[in-house]
Amino acid sequence: MISSPAQPQKIVVDFSSPNVAKPMHVGHIRSTILGDCLARVFRILGHDVVCDNHIGDWGTQFGKLLVGWKKHLDESALERDPLAEMERLYKKVDQLSRDDESVLQEARAELVQLQGGDPENLKIWQEMIRQSQRQFDSVYGRLGVHFDETLGESFYNDRLKSVVDRLLEQGIGRESDGAKMVFFEGAEDSDELKAHPAMILKSDGAANYTTTDLATLEYRMERWSPDQIVYVTDGRQQLHFKQLFAIFRKWKPEAKAQLDHVWFGSILGEDGKPFKTRSGETIKLVDLLDEAEERGFRVVTEKNPELPEDQRREIGRIIGLGAIKYADLSPNRQSDYVFSWDKMLALTGNTAVYLLYAYTRIQSIFRKLEAETVPLEWSAANIRLEKPTELALGKALLQYEFNLNAVADERRPNYLCSYLYDLAGALSKFYDECSVLHADDIETKKSRLALCDLTGRTLKSGLNLLGIETTDRM
RNA sequence: GCGCUCGUAGCUCAGCUGGAUAGAGCAGCGGAUUUCUAAUCCGCGGGUCGUAGGUUCGAGUCCUACCGGGCGUGCCA
């Protein structure tokens, strides 16, 4: 159904990137779902894809976390919900350090110890990473998201000095006000970059995220020799990535890899400000997933109360998670959106449920066909598109590959959502107008069965690319 | 100040390389089921596409200016 590309490419996709010791919240969902979808589309088009999760496991927050872990740790709370407990510890020490300068000093000292390789601090730090990873894995498992590689910022630690040294040696970076900076002064540099130099080493000698990202980029080039590297992050980092790519071009002009920042808009609260609940907390991702599955279960129970509960739970799970993913993937990724439970978990209209329902109607036809007394060989049938709705459905089916290429080229999964919605609409209209099992003659019946089969497979394939599972009945 | 981005129906949003009377969902109103799942289908009402210019045979789409929202803009990432 999908033809192979003339030139399969090696594509590294960098997405999700949660921070250690912080619960994943709704802000992480866009990067995770967008990145996963793009990776799936690249793969089905025949490319060789590496999904790399660049975990935030290094940085100044560990000073405070170490103080909290040593002095205020609640073991049983850690047992119950490690990330909530670590978040509590961070907030507690952060608050204490505001009121008491000595706490801040203590945190700095712990950080220096950690960076110096102190065994106790390293052990605690590793435990924090382990606990965090456990929860990340649980969320990724529920979302069906897979990574080929997970390397934290700390992995690149001992490469940072060399990166800075070489940039200075090559005359790309220089000292300014005690810090090491890269100034963009070439004819190839945009006015925007000329106005915004990038820091590669702070005046206290610490590297920052530009340096880490350069080291990461160099590592990825060495390890995978990719044709493309795609970074999926929010739009506030646009300048950062322009700087990163420009420095990299100066540093390694021979590198041919295409570097692309695929950015998305922010999730806002109802007031148009960056999203927070009334209590000032962001909504935890696990709570969103739980709520989605619960709402899915309720609507299945309402529509189909006679199904056994375990089936209703399973269908509810597929519907609920599908609704979240579709809500995230169907708008243009660059638009900001205002978070709303009802919008994100809507189950009517242009939602995943509409697509899933279309799929189940097709499965239902084939279940009925199985029950017929006379077997019918339809799979080799010529598809004849006679009725207007048959023709429309046939035309829609031919558009699948074109849309997948558009998704890959533009990095816009909403094209696929829009296509699948149209396809499901074409199926519904066809279903309304043309009986399949009670077609006027046997050839028409075979033709329609083949058409339904192709539509079903296309819907399933497309939903799978969106990361949405299907169900045979609902 | 400079930069990025958005502004399309009451609400939420689509609208690829510029191409015919600008689309969908929700909300409102009215229809369709002895027939494969009505979680469906059909119809109605509703838009000076932020404003003003420009390029073009043709602009929601490209360019310029302005207005409004969001974000970014040397020691957080």
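So that the names make sense, note that chain A is the first sequence line, chain B the second, and so on, each numbered from 1. Every value quoted in this text rests on a predicted model; they were computed, and no experiment measured them. Values below: every heavy atom of this structure, side chains too, minus hydrogens, waters and symmetry copies.
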Going by atom types only, do A/Ser335 and A/Asn332 share a side-chain donor-acceptor pair under 3.5 Å?
-> no
Convert the base pairs of RNA chain B into dot-bracket notation, remembering that pairs crossing earlier ones are written with [ ] and that bases paired across to another strand are shown as |; include only Watson-Crick or G-U pairs under 3.5 Å.
-> (((((((..((((.....[...)))).(((((.......))))).....(((((..]....))))))))))))....
Under 3.5 Å, side chain of A/Asp57 to main-chain N/O of A/Glu153, donor-acceptor pair present?
-> yes
Can you tell me how far C1' in B/rA59 sits from the matching atom in B/rC49, rounded to whole Å?
-> 11 Å
Under 6.0 Å from the NZ atom of A/Lys460, do we count more than 12 heavy atoms belonging to anything else shown?
-> no
Sub-3.5 Å donor-acceptor pair from the side chain of A/Glu390 to the main-chain atoms of A/Lys387, do we have one?
-> yes
Between B/rG7 and B/rU48, how far is it from one C1' atom to the other, in whole Å?
-> 15 Å
Closest of B/rG74, B/rC36, B/rA39 to the A/Ile365 side chain is B/rC36
Nearest-Å distance for atom pair OH/P, residues A/Tyr431 and B/rA39 = 10 Å
Distance-only, no hydrogens or angles: does the A/His47 side chain make a donor-acceptor pair with backbone N or O of A/Gln9 under 3.5 Å?
-> yes
Spacing between A/Glu370 atom CD and B/rC36 atom C1', to the nearest angstrom = 14 Å
Please list, by residue number, the residues of residues 391-398 of chain A whose heavy atoms come closer than 4.0 Å to an atom of RNA chain B; answer none if no residue qualifies.
-> none
When rounded to the nearest Å, what value does the distance between C1' atoms of B/rC13 and B/rG31 take?
-> 28 Å
Length of the line joining A/His261:NE2 and B/rG72:P, which is rounded to integer Å = 13 Å
A/Arg313 to A/Phe297, cation-pi by 6.0 Å centre distance and 45° axis angle | yes
Distance, P atom - from B/rG18 to B/rG58, rounded to whole angstrom = 15 Å
Regarding A/Asp213 and A/Tyr156, is there a side-chain donor-to-acceptor distance under 3.5 Å anywhere?
-> no
Compare all side-chain heavy atoms of A/Phe155 with those of A/Trp58 and state whether any distance is below 4.5 angstrom.
-> no
Pair A/Asn414-A/Arg333, side-chain donor/acceptor within less than 3.5 Å | no
Of the nucleotides B/rC4, B/rC36, B/rA39, which has the atom closest to the A/Ser435 side chain?
-> B/rC36
Measure the distance from CG on A/Asp336 to C1' on B/rC6 and round it to the nearest whole Å.
-> 7 Å
No-hydrogen, no-angle side-chain donor-acceptor test under 3.5 Å, A/Tyr400 and A/Ser461 = yes
Can you tell me how far the CD1 atom of A/Ile55 sits from the CZ atom of A/Phe147, to the nearest 0.5 Å?
-> 7.5 Å
Considering only atom C1', compute the distance from B/rU12 to B/rU55 and round it to an integer number of Å.
-> 34 Å
Within residues 305-313 of chain A, the residues having a heavy atom closer than 4.0 Å to RNA chain B are none
Using whole Å, report how far NZ of A/Lys242 lies from C1' of B/rG74.
-> 17 Å
A/Ser162 and A/Arg166: side-chain donor and acceptor closer than 3.5 Å?
-> yes
Backbone N or O of A/Tyr357 within a donor-acceptor pair of the A/Thr360 side chain at under 3.5 Å?
-> yes
Near-strand residues of residues 188-195 of chain A, defined as heavy-atom separation under 4.0 angstrom from RNA chain B | A/Glu192
Tabulated below should be each protein N or O lying under 3.5 Å from an N or O of nucleotides 75-77 of chain B; please produce it.
residue : atom : partner  : partner atom : Å
B/rC75  : O2   : A/Ser203 : N            : 2.8
B/rC75  : O2   : A/Ser203 : OG           : 3.1
B/rC75  : N3   : A/Ser203 : OG           : 3.1
B/rC75  : N4   : A/Asp177 : O            : 2.8
B/rA77  : O3'  : A/Glu153 : OE2          : 3.2
B/rA77  : N6   : A/Tyr209 : OH           : 2.7

How close or far is atom P of B/rU35 from atom CD of A/Glu433, stated in whole angstroms?
-> 18 Å
Would you say the side-chain atoms of A/Ser132 pair up with the backbone N or O of A/Ala21, donor to acceptor, closer than 3.5 Å?
-> yes
A/Arg361 vs B/rA39: side-chain N/O to OP1/OP2 distance below 4.0 Å = no
Assert yes or no for the condition that the ring centre distance of A/Phe245 to A/Tyr231 is strictly below 6.0 Å.
-> yes
Give one of base, sugar-phosphate or nothing for A/Lys303, where a contact means two heavy atoms less than 4.0 Å apart.
-> base
Nucleotide nearest A/His196 (side chain, heavy atoms from C-beta), chosen from B/rC41, B/rA38, B/rU73 = B/rU73
Using heavy atoms to find the nearest nucleotide of RNA chain B for A/His438 and A/Tyr354 separately, return the residue whose nucleotide is more 5′.
-> A/His438
Quantified in whole Å, what is the C1' atom distance between nucleotide B/rG15 and nucleotide B/rG3?
-> 27 Å
Donor-acceptor pair between A/Ser379 and A/Glu377 side chains, under 3.5 angstrom = yes
Distance in Å, A/Arg98 CZ paired with A/Leu104 CG, rounded so as to fall on 0.5 Å steps = 10.0 Å
A correct 5'-to-3' footprint of nucleotides 14-29 of chain B, with B, S and - meaning base, sugar-phosphate only and no protein heavy atom under 4.0 Å, is SSB-------SSS---
Round to the nearest Å and state the distance from A/Asp432 atom CG to B/rG31 atom P.
-> 18 Å
So which nucleotide from B/rC36, B/rU40, B/rC41 ends up closest to the side chain of A/Leu437?
-> B/rC36
Checking A/Glu370 side chain against A/Arg367 main chain: does a donor-acceptor pair fall under 3.5 Å?
-> no
If you find the nucleotide of RNA chain B closest to A/Met181 and the one closest to A/Ile319, which residue's nucleotide is nearer the 5' end?
-> A/Ile319
Sidechain-backbone polar pair: A/Arg384 side chain, A/Ser447 backbone, donor-acceptor under 3.5 Å = no
For the pair made of CG in A/Leu369 and P in B/rC36, what is the distance, rounded to whole Å?
-> 15 Å
Distance (rounded to the nearest 0.5 Å) between A/Gln237 CD and A/Leu244 CG | 10.5 Å
Between B/rG53 and B/rG43, how far is it from one P atom to the other, in whole Å?
-> 38 Å
Are side-chain N/O atoms of A/Thr301 and A/Arg312 paired as donor and acceptor at under 3.5 Å?
-> yes
C1' spacing across the pair B/rA27 / B/rG60, given as an integer number of angstrom | 25 Å
